[in-house]
**Student:** 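Could you have a look at this structure, given as structure tokens, before my questions?
The figures here come from the full heavy-atom set of this structure, side chains too, leaving out hydrogens, waters and symmetry mates. Letters go in sequence order (proteins before strands), and every chain restarts at 1.
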Amino acid sequence: MSAAQDEEERARVVEILAPVAVDSTYSYLAPAAMRLSPGDSVTAPLGRREAYGVVWSIDGDSGPGGNLKTVSARLDRPPLAQKLRSFIDWLARYTLTPRGMALRLATRAAEDAGPETPRMLYRATGDVPERLTPTRARVLKAAEGGVAFTKKALAEAAACSLGVIDALVDEGALEGIAGPPQPIAPPLDPLFAAPALEPAQQDAADALKASLSPRAFKPFLLEGVTGSGKTEVYFEAIAQALEAGGQALVMMPEIALTTQFLERFADRFGEKPAEWHSGVGARKRARIWRGCATGDVRVVVGARSALFLPFSDLRLIVVDEEHEGAYKQDDGVSYHARDMAVVRARMEEATIVLASATPSIETRVNAMRGRYGYLRLDSRARARLMPTLEAIDMRKEGPPRGRWIAPRLALAVGETIARGEQALLFLNRRGYAPLTVCRTCGHRFRCENCDAWLVEHRFRRALMCHHCGHIERRPHACPECGAEDSLAACGPGVERLAEEAATLFPDARMLVLSSDFPGGADRLRRELDEIAKGAFDIVIGTQLVAKGHNFPFLTLVGVIDADLGLGSGDPRAAERTFQLLNQVTGRAGRGDKPGHALIQTFHPAHPVIAALLSGDAEKFYEQEIAIRERAGLPPFGRLAALIVSAKDAAMAETHARALARTAHELPPSPRYRVAAPGAWPEQDEIALLGPAEAPIALIRGRYRFRLLAKGPRSADMQAFLCDMLAAGPKERGGVRVQIDVDPQNFS
DNA sequence: AGCACGCCGACT
DNA sequence: GTCGGCGTGCTC
């Protein structure tokens with residue numbers, strides 16, 4: 001046997017990472033002839049099955065030594081680039097996730113992405129089936145002329161189901177032929193319709209374009225009020241990335257909002273970008289995945305998971321609405337997609353743009369401190385006016401008892417609809433009333449699972465828990481004292497508000513929008529279109545109405561309870577309220593019609609409300625940053641978070657309860673105190689937040705750590721916590737701990 | 001994540 | 001007597 005043959009036949013040891021919940025790679029033998037390189041996809045025996053895996057390195061030295069299994073096959077997939085593999089390793093370390101699970105985020109679409117199967121086209125053979133029904137005749141008529149159609153096109157042309165086509169194929173009247181490969185993504189033209197920008201937009205666009213030419217990691221905050229034209233600005237950056245031959249990724253917090261965006265994109269670049277979210281089918285995802293790796297797909301618009309696509313030359317990432325909480329993933333691998341996008345941009349040496357009208361505090365601090373480039377669009381584009389904001393002091397001019405719309409707001413609504421314009425009444429509370437009490441004995445209806453108040457939904461005649469989804473029937477008599485007709489609804493929800501508005505404006509066309517809107521997403525979309533056409537005079541809604549949609553007839557926004565949410569004990573309460581109210585009031589006024597917002601509040605002097613009213617975001621951020629600085633909250637101090645991962649809500653609840661016991665059973669120590677349940681902790685206190693933050697309990701102190709436990713092992717956890725608080729972070733069987741790592745500090 | 005093993009409750 | 005629930009543990 002020659003040396004060359006020997007070399008060919010010798011097996012090499014390769015380290016393979018499988019997309020399963022394992023942190024380490026496994027060693028396998030691979031024939032040298034297989035010529036595996038890092039990044040290649042393979043199948044290999046794992047346990048009792050054949051598993052997908054990715055070659056992580058060659059000639060590794062870990063593993064049990066000897067007795068290695070052999071790689072079964074090398075798969076026809078573009079290799080995972082080193083940059084993506086490093087990102088996966090980094091993310092796994094940062095999120096304390098097994099690397100296999102992090103890999104899975106990137107390869108789920110690829111696992112079932114076999115070689116491209118050509119799209120089948122069908123044409124008539126000339127044979128006539130034995131039973132020629134009218135439907136069949138229509139199909140054959142549509143298919144005549146020898147041209148081949150897709151199954152779907154034929155079915156549409158003949159107005160029949162796909163089954164009819166199948167039957168005709170079976171009987172030989174139609175034949176299937178392999179069609180030409182479909183282009184994965186139509187080419188985009190960076191010069192298709194370059195718009196004329198306002199000077200401020202042009203400056204921002206120029207800054208982004210300049211950052212894209214020498215390839216380097218550059219983060220930006222693009223801050224601009226609603227309507228200031230942020231999208232047009234980053235479109236120019238995308239155009240630049242395209243011209244440079246690279247790729248761009250645009251991340252969106254919610255897929256529901258992308259329809260309008262895709263159209264705007266097509267208006268600018270001639271074609272739509274590739275779309276990536278859970279609603280896209282497996283086949284299409286597989287093609288986009290491959291297209292990203294080959295470079296055929298140039299721009300992807302997607303949800304969180306798009307961050308893990310195997311781009312071959314990623315030059316630009318845009319995170320739109322960067323402050324949105326939807327970027328946080330809490331089940332499975334938990335990560336903040338905005339932060340991870342910054343890390344990926346760093347690894348890809350790409351430009352990243354975080355865009356928002358109301359940036360998160362941490363992003364704004366990063367921009368103010370010069371870590372991020374800071375691009376601001378201070379006014380609305382094309383002379384659209386900012387809405388005027390006014391407070392209605394509910395202590396002085398509130399409505400009578402049992403009513404929620406103040407006289408001045410009612411007057412304004414009346415005038416608005418009389419002019420043929422739209423009014424929006426905003427109340428961030430679903431249902432009819434947030435609390436039901438018995439007037440006889442004072443009994444309050446609480447959820448049996450989570451102790452929260454049950455919200456009355458009069459439309460459904462039910463009491464619902466908004467935390468866990470528990471539903472019960474609304475009884476006639478008090479379950480405590482048995483009194484009949486003694487139950488009273490306390491406080492307003494959107495349903496109750498609608499009832500009041502209907503008595504005030506009996507002739508107005510009215511629509512109530514909340515996330516439990518009956519009829520599903522399709523009906524919701526249709527109703528939103530109707531609103532945009534002016535089919536309603538008054539819209540009553542929860543935060544659903546705050547986002548994304550254009551309401552051209554809307555000129556008045558009434559905020560029913562601006563204080564709602566400010567007293568929740570959530571450390572982000574002020575920030576979230578400011579962002580939400582800013583967005584909602586920003587809906588008012590389109591084109592030449594000025595907008596007005598009336599804000600009902602009991603605390604017009606509250607810093608958040610005052611900053612909102614003055615339109616001075618600067619002031620708000622200064623205040624909030626100062627508060628955080630004093631309290632040592634992020635991004636200045638460190639937040640220690642104890643996070644229990646759980647399969648479902650019930651398990652999370654069990655864990656949270658075990659944690660609550662544990663925290664309250666901790667021995668007294670000068671190092672810490674236990675905070676009141678549900679309250680935000682003082683320095684060195686341990687806190688367990690309520691179900692709103694479940695399954696997360698928070699511990700504040702010197703360390704940020706996450707506890708990943710498999711079951712509610714209270715004793716273990718207690719021992720662990722004691723150790724932790726006494727001695728600092730460490731590893732302990734099944735439970736891993738890590739000192740805080742700031743993703744921006746990554747090195 | 002899969003997939004098996006293993007130990008307790010209600011059925012053919 | 002088995003079927004089957006999901007808790008626990010392992011995968012080169």
**Student:** So, are Glu111(A) and Arg77(A) salt-bridged, with charged N and O less than 4.0 Å apart?
**Tutor:** no
**Student:** Tell me: CD of Glu50(A) to P of dC12(C), nearest whole Å?
**Tutor:** 11 Å
**Student:** Side chain of Arg104(A), heavy atoms from C-beta onward: which of dC12(C), dA1(B), dA4(B) has the nearest atom to it?
**Tutor:** dA1(B)
**Student:** Closer to the 5' end of DNA chain B via nearest nucleotide, is it Arg48(A) or Pro19(A)?
**Tutor:** Pro19(A)
**Student:** How many Å lie between CG on Asp23(A) and C1' on dA1(B), as a whole number?
**Tutor:** 14 Å
**Student:** Which whole-number value in Å describes the distance from Tyr52(A) OH to dC12(C) P?
**Tutor:** 18 Å
**Student:** Pick from Glu321(A), Glu322(A), His323(A): which one makes a side-chain hydrogen bond (donor to acceptor under 3.5 Å, both in side chains) with Ser356(A)?
**Tutor:** His323(A)
**Student:** Is the phosphate of dC12(C), meaning OP1 or OP2, less than 4.0 Å from a side-chain N or O of Tyr28(A)?
**Tutor:** yes
**Student:** Can you measure Ile16(A) atom CD1 to dA1(B) atom P for me and round it to whole angstrom units?
**Tutor:** 21 Å
**Student:** How long is the line joining CE of Met101(A) and C1' of dA1(B), in whole Å?
**Tutor:** 6 Å
**Student:** Nearest to the side chain of Ala21(A), which nucleotide is it out of dC3(B), dA1(B), dC12(C)?
**Tutor:** dA1(B)
**Student:** To the side chain of Lys69(A), which of dC12(C), dA4(B), dG2(B) is closest?
**Tutor:** dC12(C)
**Student:** Assign Arg49(A) to base, sugar-phosphate, or nothing according to its heavy-atom contacts below 4.0 angstrom with the strands shown.
**Tutor:** base
**Student:** Output all residues satisfying side-chain contact (heavy atoms from CB on, under 4.5 Å) with Ala303(A), sequence neighbours left out; order by chain, then residue number.
**Tutor:** Ile255(A), His277(A)
**Student:** Which part of the nucleic acid, if any, lies within contact of Pro45(A), taking any heavy atom under 4.0 Å across all strands shown: a base, the sugar-phosphate backbone alone, or nothing?
**Tutor:** sugar-phosphate
**Student:** Could you name each residue pair satisfying salt bridge (Lys or Arg N to Asp or Glu O under 4.0 Å) that touches residues 47-58 of chain A, not counting sequence neighbours?
**Tutor:** none
